[in-house]
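Each residue takes its place number in the sequence, starting with 1.
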Amino acid sequence: MTSVNPLNEKVSMNNPMNNMSSGSADVVANRMHPMSNATTGHHINPLNVQTNPHSVVKPVSHDMIPASVVPAAHHTTPINPRTSNLAARPPHRRGDHHMFLTSDDNAMMKHIVETHIPDGRDFDVKPLVHIIEDIVHRATPIAGHVHEAKVQAHLEALEEKAPHSGLTEILNYLAYPIHRIGMELISKCANKEDAHSTTMSLLHSLTTYAWDTKVAITFAAFAQQYGEFGLLVHQYTTNPLAKSVAIIMELPEIMTRQDVLKQKFDAIHDLIDKMLDVTKCIIEFRDVQTSHSQHVITQELEMLINTAHISTAAYWTMRAAVMCAAMILNLIAIGHEQISSTSEAWELSSLTHKLANILDHLRKVLNLCHQKIEEKRQHDAFEALLRLLRTPHIDNMKILSILIHSRDDQLPLFDGTHKRRVSLDVLRRKHVLLLISDLDIAPEELFILHHMYAESKTQPNRPESNYEVVWIPVVDKRLTPWTEAKQMKFEEVQASMPWYSVAHPSMIDPAVIRCIKEVWGFKKKPQLVVLDPQGKEANDNAYHMLWIWGSLAFPFTKTRETALWKEQTWNIELLADSIDQNVFTWISEGKCICLYGGEDIEWIRSFTSATRAVANAARVPLEMLYVGKKNPKERVRKNSSIIQIENLSHVVQDQTLIWFFWERLESMWHSRTQQDIPGETDPILQEIVTILSYDGSDLGWAVFSRGLAEMTRGKGDLIVQVMKEFDRWREEVSDITTFVPALDRQLRDLHSPHHCTRLILPSTTGHVPERVVCAECSRPMEKFIMYRCCTD
């Protein structure tokens, strides 16, 4: 008999007459190294050989090995698996050779696909794969320390998984095909068929099954053989029956070479790991195509799935099972010669590398598929949400259950007052204010909201108290992963809120987050979206209304906002509101009130001294209140302390209320600019812009008012100049009623046409009009982008 190198020959391996010459009795007798060349005796390193779809995994005759076999360590010439006569073939250039192999592989894969004629049956083979995984990891006969650790880790992971309930049902259908494929594996190896032919034969036998089922059946057939061998190895030293069977198989003698066997079984173990991973990926592709059938599979997704080349992955995984099965059977059949062979370990290593590359490609395509499916799901959910928001409802429950999606019947809300989980029913047929923010909501905002919410609940029977607040934390996990630090931050913010909040940010679906950003315009600054008792959107942001009028803005609709502005005039009560309770007392007493701000303590000393002197000289009851600057820093705190120590004026005691004064003024600007009133003819808007522009400068400023009557204001340098020149206009002040008008005339007379007015608004405030007019000259202001870092 002539031995043929399977890496060099195709024709003889595919000719069944060549396999009949030796007969089945030669299985044990023939013990030639499967990776040696019968003609030259040279040993071929499979790592240096192109992956060959026709490589042989069969026992061949031992007595045909030349006595002087020397491994050819430097034999690195790629061998064409389709060439039957290498000597007669001219050498190829590198590029031509690569093209030839690619075309060859394509032809082979075409034949593989032609074997696939599925009958439409769909089996969930995951329970079967779970059992396969358990078998192959428990059955490893011999493993090094590294692999022992891997096996233990796998087993621990498997034990944590709940057993699959569908195993019995799936075996009712697949037990016989598994047994039949197992017998075919034994038969093909006994008849010395090569791995490719055997794999193709299995594909023909399994032609009507889906790709994942073909792989699972083949894998299960190998796992059964591998498990039986492992069971015998583990028990032959302690079980008399196992010992007798092992003696017949010469197993004790074989196991004496554990040092060599470790290398082989480590290679098998590595390959099995990759086989499992690829199998799971193939099953996952099957799930993608079936479980998402309710979402129409788009042409783009179908094309993407096709790029995974599932048939290729299935072929190589089944072929790996054939290789592993042949190695186990050969070990039993030809004993020590098979143990001494290192070529099979190399070939298994090469196949492991092949499957690793396939696995990497499958996972990349699978990730893209999941991404496309999620995008489609989110798009559909977003469109459904928009339709739902436009549809009339009996109550607000349907809308709220979509916006706040509870899973596994969990209570979706956290009651901040009673510190417990509650259902959405607490919001039924109520006005609901959705407080939308990220986790970095400012403590000052929470303090003011807390105060307003508590005030509204002191008289729960009032109509304006019939609303609830629900915090919706916007955390897009697709952009920023959820961490333990974020969980702690969320719990900290949630614990500080007396109103309701979403129990966990994961209950906010990405489609809802998209709606919040694209429809309701959320960027960074918190906003309040109002839903009426029927769940209809009444206002996409009532934050400014609440800041300006508190609960008086109920029910927080655009219509109510317009009505409140129509009733409003510019006066000290609108400007100061409740930043200091003394203001209301001074108003009721009819005193002159001065609000002033700035950071320059020297100007503050000069201004308060000169103003106090004028008030005393004119016998005008005057109260002054320092309101600092927006975003009060350490300098404002120091100024407040100095003012109190030197008794220069009153100060706002709480720094949060200073912050609120300026935030509320900004809210007035935003709310007023959305009214249908031209800015050039809107006196309230002009006054708001003027005071905001004062804060944008580095100079001081002041506003004077007599109770709720006349008002005037001016920049710091002009006011100090006017006060120091009081003797010049003293005659115009006869009593308290003439003081503010006289001061206003003086400031207007000194007004210079040359000015530089700055209106600074944060970029996160939401709506910013394209056109803003200057409060000084009514000309359109230029718009700039400013970056600021203020560390005080």
Side-chain angles (χ1 to χ4, degrees), residues 413-419 426 430-473 492-501 525-530 539 541-556 560-561 564 568 572-587 595 625-632 636-637 640 650-671 765:
L413 296 180
F414 179 78
D415 184 343
T417 300
H418 301 96
K419 307 302 179 187
V426 297
K430 289 187 177 181
H431 294 269
V432 178
L433 275 60
L434 303 177
L435 173 58
I436 299 172
S437 78
D438 57 20
L439 299 183
D440 296 323
I441 186 169
E444 295 88 352
E445 291 184 272
L446 288 176
F447 175 82
I448 299 298
L449 283 171
H450 194 303
H451 174 77
M452 290 182 173
Y453 182 79
E455 186 272 334
S456 72
K457 297 304 178 184
T458 54
Q459 299 179 19
N461 294 325
R462 294 185 307 172
E464 57 266 31
S465 297
N466 186 30
Y467 70 88
E468 293 294 346
V469 179
V470 179
W471 179 40
I472 307 291
E492 178 187 343
V493 175
Q494 186 183 58
S496 67
M497 295 177 170
W499 46 81
Y500 296 108
S501 61
K525 194 174 180 64
Q527 66 185 72
L528 285 167
V529 174
V530 183
N539 195 337
N541 193 4
Y543 209 76
H544 305 309
M545 293 181 69
L546 190 68
W547 251 214
I548 300 168
W549 296 290
S551 295
L552 289 175
F554 180 85
F556 309 104
R560 177 60 175 162
E561 185 176 20
L564 286 170
Q568 192 67 63
I572 196 69
E573 186 177 41
L574 175 64
L575 176 61
D577 191 57
S578 57
I579 60 169
D580 193 306
Q581 292 301 315
N582 288 324
V583 172
F584 297 107
T585 303
W586 300 336
I587 291 173
L595 302 183
L625 179 66
Y626 177 63
V627 295
K629 281 182 69 71
K630 180 177 171 61
N631 296 322
V636 172
R637 293 186 181 90
S640 296
H650 297 278
V651 298
V652 177
Q653 298 292 334
D654 194 332
Q655 296 290 302
T656 300
L657 292 177
I658 294 179
W659 172 89
F660 178 60
F661 173 82
W662 293 102
E663 280 288 317
R664 186 171 171 274
L665 201 61
E666 272 187 14
S667 290
M668 288 187 214
W669 181 82
H670 280 285
S671 177
T765 51

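- Taking both residues in full, the closest heavy atoms of Leu446 and Met497 are given as CD2-CE, 3.6 Å, listed atom of the first, atom of the second, then distance.
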**Request:** Take Leu665 and Leu575, measure what side-chain contact (heavy atoms from CB on, under 4.5 Å) needs, and give me the verdict at the end.
**Result:** CA-CA 7 Å; Leu665 201 61; Leu575 176 61; 3.7 Å; yes
**Request:** Could you walk me through whether His544 and Ser671 pass the side chain to side chain donor-acceptor pair (under 3.5 Å) test, one step at a time?
**Result:** CA-CA 6 Å; His544 305 309; Ser671 177; over 6 Å; no
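- Within the 4.5 Å cutoff, no side-chain heavy atoms of Arg560 are placed close to those of Asn539.
- The minimum heavy-atom distance between Lys457 and Tyr467, with the atom names listed, is NZ-O, 2.9 Å.
- Among Val636, Leu595, Leu657, the single residue meeting the side-chain contact (heavy atoms from CB on, under 4.5 Å) criterion with Val652 is Leu657.
- To the nearest 0.5 Å, the span separating CZ on Arg664 from CG on Leu574 amounts to 5.5 Å.
- A salt bridge links Arg462 and Glu455; the closest N-O separation between the charged side-chain nitrogens and carboxylate oxygens is under 4.0 Å.
- Counting heavy atoms from C-beta on, the side chains of Leu449 and Tyr543 come closer than 4.5 Å.
- Between Ile436 and Lys525, every side-chain heavy-atom pair lies at or beyond the 4.5 Å cut-off.
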**Message:** side chain to side chain donor-acceptor pair (under 3.5 Å) for Glu468 and Tyr453? Distances and angles first, verdict last.
**Reply:** CA-CA 9 Å; Glu468 293 294 346; Tyr453 182 79; 3.1 Å; yes
**Request:** I would like to know whether Glu573 and Phe584 meet side-chain contact (heavy atoms from CB on, under 4.5 Å); could you show each step before the answer?
**Result:** CA-CA 8 Å; Glu573 186 177 41; Phe584 297 107; 3.8 Å; yes
**Asked** Between Trp471 and Phe414, does a ring pair (Phe, Tyr, Trp, His ring centres under 6.0 Å) hold up when you go through it step by step?
**Response** CA-CA 10 Å; Trp471 179 40; Phe414 179 78; over 10 Å; no
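- In summary, the aromatic rings of Phe556 and His431 are positioned with their centroids too far apart to meet the 6.0 Å limit.
- In this structure, Tyr500 and Val432 have side chains that are not in contact, with every pair of non-hydrogen atoms separated by 4.5 Å or more.
- When the shell of 6.0 Å around NE2 of His650 is examined, it contains more than 12 heavy atoms from other residues, nucleotides or ligands.
- Between His450 and Pro498, the shortest heavy-atom contact is CD2-CD, 3.5 Å.
- Residues Val470 and Trp499 have side chains not in contact (no heavy-atom distance under 4.5 Å, counting atoms from C-beta outward).
- A distance of 6.0 Å separates CE of Met545 from CH2 of Trp549, quoted to the nearest 0.5 Å.
- Smallest separation of non-hydrogen atoms from Ala495 and Lys419: O-NZ, 3.0 Å.
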**Message:** Would Glu444 and Thr656 count as a side chain to side chain donor-acceptor pair (under 3.5 Å) here? Give the steps.
**Reply:** CA-CA 6 Å; Glu444 295 88 352; Thr656 300; 5.4 Å; no
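- Side-chain atoms of Gln527 and Val529, non-hydrogen and from C-beta on, do get closer than 4.5 Å to each other.
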**Request:** Determine, step by step, whether Phe661 and Asp577 satisfy the side-chain contact (heavy atoms from CB on, under 4.5 Å) criterion, reporting the C-alpha distance in whole Å, the side-chain angles of both residues, the deciding distance to 0.1 Å, and the verdict.
**Result:** CA-CA 8 Å; Phe661 173 82; Asp577 191 57; over 6 Å; no
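- Using a 4.5 Å cut-off on side-chain heavy atoms (C-beta onward), Val469 and Leu435 make contact.
- Remark: side-chain polar atoms of Ser465 are paired, donor with acceptor, to backbone N or O of Ser456 under 3.5 angstrom.
- Summarising the geometry of Asn466 relative to Phe554, their closest heavy-atom pair is O-CE1, 3.6 Å, with the distance given to 0.1 Å.
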**Asked** Would Phe447 and Phe660 satisfy side-chain contact (heavy atoms from CB on, under 4.5 Å), going step by step from the backbone distance to the final call?
**Response** CA-CA 10 Å; Phe447 175 82; Phe660 178 60; over 6 Å; no
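- Of the inter-residue distances, the one linking Leu625 atom CG with Ile572 atom CD1 reads 9.0 Å to the nearest 0.5 angstrom.
- Results of the side-chain contact (heavy atoms from CB on, under 4.5 Å) test with Val530 over Leu433, Leu434, Leu546 single out Leu433 as the only residue that passes.
- Between Lys629 and Ile658, the closest heavy-atom pair is O-CG2, 3.6 Å.
- Taking 4.5 Å as the limit, every side-chain heavy atom of Ile548 sits out of range of all side-chain heavy atoms of Gln568.
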